[in-house]
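Down below is the structure, laid out as structure tokens.
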Amino acid sequence: MNPTLMAASTPLPKPQAGRCAPYDAFHAARIRSDLVARLYSEAMGEGYPAEVAASSSCDWPLLAALTAQLRMRPGQLLVDAGCGTGGIGLWLARALAVRLEAFDLSPVAIAHAASRRSAFGLPDDRAVFRVAELENTGLPGASAHGIVCVDALGGAVDGQAALCELGRVLAPGGRLVMTRASRRGAVPLWMKQARACGLVIEHVDERPAEPALWERVYRLWIARSNELRHELGEDQARNMLCEAQRMLPKLAGRRAVLLTLRHEVKAQVASGPADTMTAPRYLAERTPQ
């Protein structure tokens, strides 16, 4: 790990008091039992990346898209924002031969993520896990060559502030690849939000199969509610079933995408007498595309 980065990013700010507790309970229950992982596997079929074992919409097609859109080189730094138990970041770090700095709100999730490094063949200094919030990562500015954020931005207290914080951490030329969703037919706010954070939308990958995936997951939760209560406890089962009942009616109108946002590199203009020349009118009035 780059010693400069280590020094600059230690310690990360502690999340607001009380915010960790529900996420800790969520992850502790899922770490204790493999039932939820088995239900995701049943819902995804051959698309389920068992090694990753993420509690999200991460399937093999999403991993392929993340890999392709990041366009990272070996040895660069990848940040996994809202990493949960770490499977996505660890898989990408190994596949791309990059360094990983990952953070999540939950200390329980972070402890489990750190324990999984050896399973992915990564030494401790190549995959660092810390507790932090999306809005306040504590990471050095312009330090990350790539950032992934899968199904996590919705958990931020202030989504715009979180996006700008990730933009601050991203190095010029680097890419932030993240899952987002909107109502089908509505004008999404992605472009406006990205522009406000100094980022440009480089690519939008539609994910038409994602709503149906969540429908299968939620219906399995409902059908196996007794097992959920037995394996995870009444509180976690109730939370999952409430989520399923709340979200199922919304899935028909859901548009899911993978956004690739880029921190553009500003062109360097050589200084000299020519800098003071006025551009021809036809060039000055042209809008860059």
Check the pair W190 / S182 against side-chain contact (heavy atoms from CB on, under 4.5 Å), numbers first and verdict last. CA-CA 9 Å; W190 306 323; S182 69; 3.8 Å; yes
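- When atom types are taken as modelled, the side chain of E135 and the backbone of V157 share a donor-acceptor pair closer than 3.5 angstrom.
- No continuous path of ILVMFWY side-chain contacts below 4.5 Å connects I31 to F129, so the two sit in separate hydrophobic clusters.
- Between Y218 and W214, the ring planes are parallel. Angles under 30° get that label, and only those over 60° would be called perpendicular.
- Side-chain N/O atoms of E202 and T260 include no donor and acceptor closer than 3.5 Å.
- Taking every heavy atom of both residues into account, A81 and A152 meet most closely at O-CB, 3.9 Å.
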After noting the C-alpha distance and the side-chain angles of S55 and H27, does the key distance pass the side-chain contact (heavy atoms from CB on, under 4.5 Å) rule? CA-CA 9 Å; S55 293; H27 287 293; 5.8 Å; no
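- No donor-acceptor pair closer than 3.5 Å links the side chain of D80 to the backbone N or O of A102.
- At distances below 3.5 Å, not a single donor-acceptor pair connects side-chain atoms of S118 with backbone N or O atoms of G121.
- In R184, the CZ atom is crowded: over 12 heavy atoms of neighbouring residues, nucleotides or ligands sit closer than 6.0 Å.
- Salt-bridge annotation for E231 and R38: absent, with no side-chain N of the basic residue lying under 4.0 Å from a carboxylate O of the acidic one.
- L189 and L259 fall into different hydrophobic clusters, defined by Ile, Leu, Val, Met, Phe, Trp and Tyr side-chain heavy atoms under 4.5 Å apart, directly or through other members.
- A donor-acceptor pair is defined here as one N or O able to donate and one able to accept, closer than 3.5 Å; such a pair exists between the side chain of R126 and the backbone of V98.
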side-chain contact (heavy atoms from CB on, under 4.5 Å) between L63 and C58: does it pass, once the steps are laid out? CA-CA 7 Å; L63 283 175; C58 179; 3.8 Å; yes
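- A donor-acceptor pair under 3.5 Å links the side-chain atoms of R207 to the main chain of S57, judged by distance alone.
- More than 12 heavy-atom neighbours from other residues, nucleotides or ligands sit within 6.0 angstrom of CD on E206.
- Although no hydrogens or angles enter the test, the distance criterion places no donor-acceptor pair under 3.5 Å between the side chain of D34 and the main chain of A37.
- In the model, E165 has no side-chain atom that pairs as donor or acceptor with a side-chain atom of N136 under 3.5 Å.
- Side-chain atoms of L105 and V131, non-hydrogen and from C-beta on, never get closer than 4.5 Å to each other.
- Although no hydrogens or angles enter the test, the distance criterion places no donor-acceptor pair under 3.5 Å between the side chain of D104 and the main chain of I110.
- Between R216 and E42, the closest side-chain pair of non-hydrogen atoms is not below 4.5 Å.
- Between the R99 side chain and the G75 main chain, a donor and an acceptor come within less than 3.5 Å of each other.
- Between A194 and L163 the shortest heavy-atom distance is N-CD2, 4.1 Å.
- No donor-acceptor distance shorter than 3.5 angstrom exists from the side chain of R30 to the backbone of L232, with no hydrogens or angles considered.
- Side chain to side chain, R180 and Q193 meet the donor-acceptor criterion of an N or O pair below 3.5 Å.
- Environment of CE in M247: crowded, with over 12 heavy atoms of neighbouring residues, nucleotides or ligands closer than 6.0 Å.
- Of all heavy-atom pairs spanning Q69 and V177, the tightest one is CB-CG2, 4.1 Å.
- Remark: side-chain polar atoms of R116 are paired, donor with acceptor, to backbone N or O of V52 under 3.5 angstrom.
- L258 and V200 are not part of a single hydrophobic cluster, where members link through side-chain heavy atoms under 4.5 Å apart.
- Note on V36 and M44: same hydrophobic cluster, where clusters join Ile, Leu, Val, Met, Phe, Trp and Tyr whose side-chain heavy atoms are under 4.5 Å apart, directly or indirectly.
- Linking ILVMFWY residues whenever their side-chain heavy atoms come closer than 4.5 Å, directly or via other members, places I88 and M72 in the same cluster.
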